[in-house]
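In what follows, a structure is listed as structure tokens, so that the remarks can point back to it.
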Amino acid sequence: MAVSEEPTYTSTSSESMGGSEILRVEDLHTSFFLPIGELQAVRGVSFSLKRGRSLGIVGESGSGKTVLARSIMCLNLGSNVKTSGSAFFDGRDLLALSRREMRRLWGTEIAMIFQDPMTSLNPMVKIGRQVIEHLRQHKNVNRREAKQTALDLLNEVRIPEAESRIDRLPHELSGGMRQRVSIASALACEPSLLFADEPTTALDVTVQHQILNLLSREQRQRNMTMVMVTHDLGVIAGRTDDTLVMYAGKVVEQASTDEIFEKTQHPYTEALMRSIPRTSQASHTPLAAITGRPPVATHLPAGCAFSLRCPYVQPKCHEEDPPLVSIGTSGHKAACWYPVGSDANREAFERNLSDRLPQTLAVAESLDADQSPGIPADLPDGGIA
Amino acid sequence: MSKPSGGTWAPSVLRRERRGPRNAEQMFPGSSGKSLFGKMSWLTRFCTVWLILVILAAALADLIPGLPDPNYQGFVFGDGKTNEGPTASHWLGTDNVSRDILARLIYGARVSLIFAFSLVTIGIIVGGTLGSIAGYFRGLLETFLMALVDTWLSFPALIGLVFITTMLGMRNLVVLVLVGAVFVWPSYTRIARATALSVSGQDFVTAARAIGTSRKRILVREIFPNVLPALLAYSLVGLPVLIILESTLSFLGLGVEIPTASWGGMINQARQDLLINIWPAVWPAVTLFMTVYSFNNLADWVRTQAAARSAAI
């Protein structure tokens, strides 16, 4: 491909690449106005997504990934929130829609799965009714049909003995079962776009695996578009088609998921990968945590937001914020002056090492401890869909 | 002697601690197959039986065979005595105008219970609705409503009740309940609003919005069912307070109009001849005490049950 400025999944005119565009987000900003000042949670995010594809949004807590998802869905309830930019869903700008128009899309076209199944189900309502709640609102179905639909859905998300579970209250079910119920509830009206906001964070690892497989299967079967928000690279590895890495409200790297893992460009993505514990490491190996903390979103540093924690930081990083530009081929984009793997990056590392920069020393130390750099071979939760 | 295997050599105190709860009942009190009644302490059982008795007697007073007319003054017609001790026809004796005390206690229970239960119902419906709306929709309505509630609550209810009932002159049970309602709704509104506020922040409300539920429907289907338990819990504590309130009004002569029997009115009536015959005052006082105590004890039991259940969740 000669023109690499427009990667396959962000191209707006490449119908030949298969699948029409279902979601296009352009320069989305979301700010919360707090007593301590303006908190910029999302700062100019653009991406686009084709029908039937899946996108993983990865980042630390506070990187703005959840706010981004909720902004697109117009679910940032509150009077102190301001969202600008646009999010085109099937050609319509969601951010410009009225509440009434939006309500027609919610559930039927766009749905969301929440992080904690303990709180995302109503504790006072039987699960059968929660699953079909909006079926009864959107489509006129009678009681018996609705019950049958609820049963079908619960069976589909593999809840054993659905007939007896249908009249249970949420607290009588385990966490994994509850998340299955909320998935069934989100799928009930067959949305074409599904946001999964950290759907497995509150679950233990074996259940995580089951839930993720369930989501992938449903997504393929229904040819549904899915956006998976997570802080865990292991969750998206091998599961989503594309990946967006966010830091301090901005996209710092975006590419196909395989590319992200194989040819990591941004130091932040690299640091995220390095912090995944590996079984190949000796016991008691200190975890390669990212030094420092994410910046406070009310007081962002000048220049690159990651500069204060970056092992490759150079004076330029403190002055100018790097734009998100294509690096290499196949639509890989990163926002870094010294992308990982480049000569400039290597020089920067050497320079910082001789300057004894704390975060650089920490990285060098962990590299010494573990001599197998690159992709972690055994990501938690497999990596195979 | 062979060494015991598998760590059982630890001192018994430690062992017991480590073993933890041995069965489901210990882990989640109230989860076993026993009936509700079977799980109560003897005191709570007694209170429950007492309350059932009082409620049944009050409800079926007209049907109890051989129960005298509570307002029948035997001495006027020459077939009864005043200040009589317990006899076969008057189990608890008669008061200073020769009315049957037991009959008056039972009919008095009717007044107390109707007053308390109606007010609780009104409180739940009015306060629950207003509070849920304020807590979920917020905005100007909430500000206005809560300012009103705060003002209202700072006004002493008893003095207000005394004032209004005195001014009204007419004092049947319906009027008393309506006047009481004026002072009961604010506290329910406040509790409902506080609960609705915390419920609104929960994910399941956002989840309901994300599947396209209208705000009105969320209020009815998501918020109110979660506000109701808090109101019911408050009601159980509120019931005895309202019973005492009714008795206080009656004692002051501002309750239901005489000669309608009520516990407070009976104590007031007996007060005049307290030195001659103390029993017409003792019986209603004991009944009042036991009823109020029973409600409180049962409320406490329900609360611990609910706590155990939510701990099990």
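Chain naming here is simple, since letters A, B, ... match the order of the sequence lines and numbering starts at 1 in each.
- For the options S185(A), A186(A), P170(A), S120(A), heavy-atom pairs under 4.5 Å to chain B are most numerous at S120(A).
- Heavy-atom pairs under 4.5 Å with chain B were tallied for A111(A), P123(A), P191(A); the largest tally goes to P123(A).
- Between chain B and the residues L105(A), V125(A), L121(A), the largest count of heavy-atom pairs under 4.5 Å involves L121(A).
- Interface residue I110(A): only backbone heavy atoms are found under 4.5 Å from chain B.
- Crowding of R217(A) atom CZ: a count of heavy atoms from other residues, nucleotides or ligands under 6.0 Å exceeding 12.
- Contacts of R129(A) with chain B are made by side-chain atoms alone, with heavy-atom separations under 4.5 Å and no backbone atom involved.
- Ion pairing between R92(A) and E109(A) fails under the 4.0 Å rule for side-chain N and carboxylate O.
- Not a single ring-ring contact (aromatic ring centres under 6.0 Å, His included) links F88(A) to another residue, sequence neighbours left out.
- Contact check on R178(A) versus D116(A) returns no salt bridge, with no Lys/Arg side-chain nitrogen under 4.0 Å from an Asp/Glu carboxylate oxygen.
- Using bins of under 30°, 30° to 60° and over 60° for the plane-to-plane angle, the ring pair F183(B)/F155(B) lands in the parallel bin.
- Of the atoms belonging to R217(B), it is side-chain heavy atoms, and not backbone ones, that fall under 4.5 Å from chain A.
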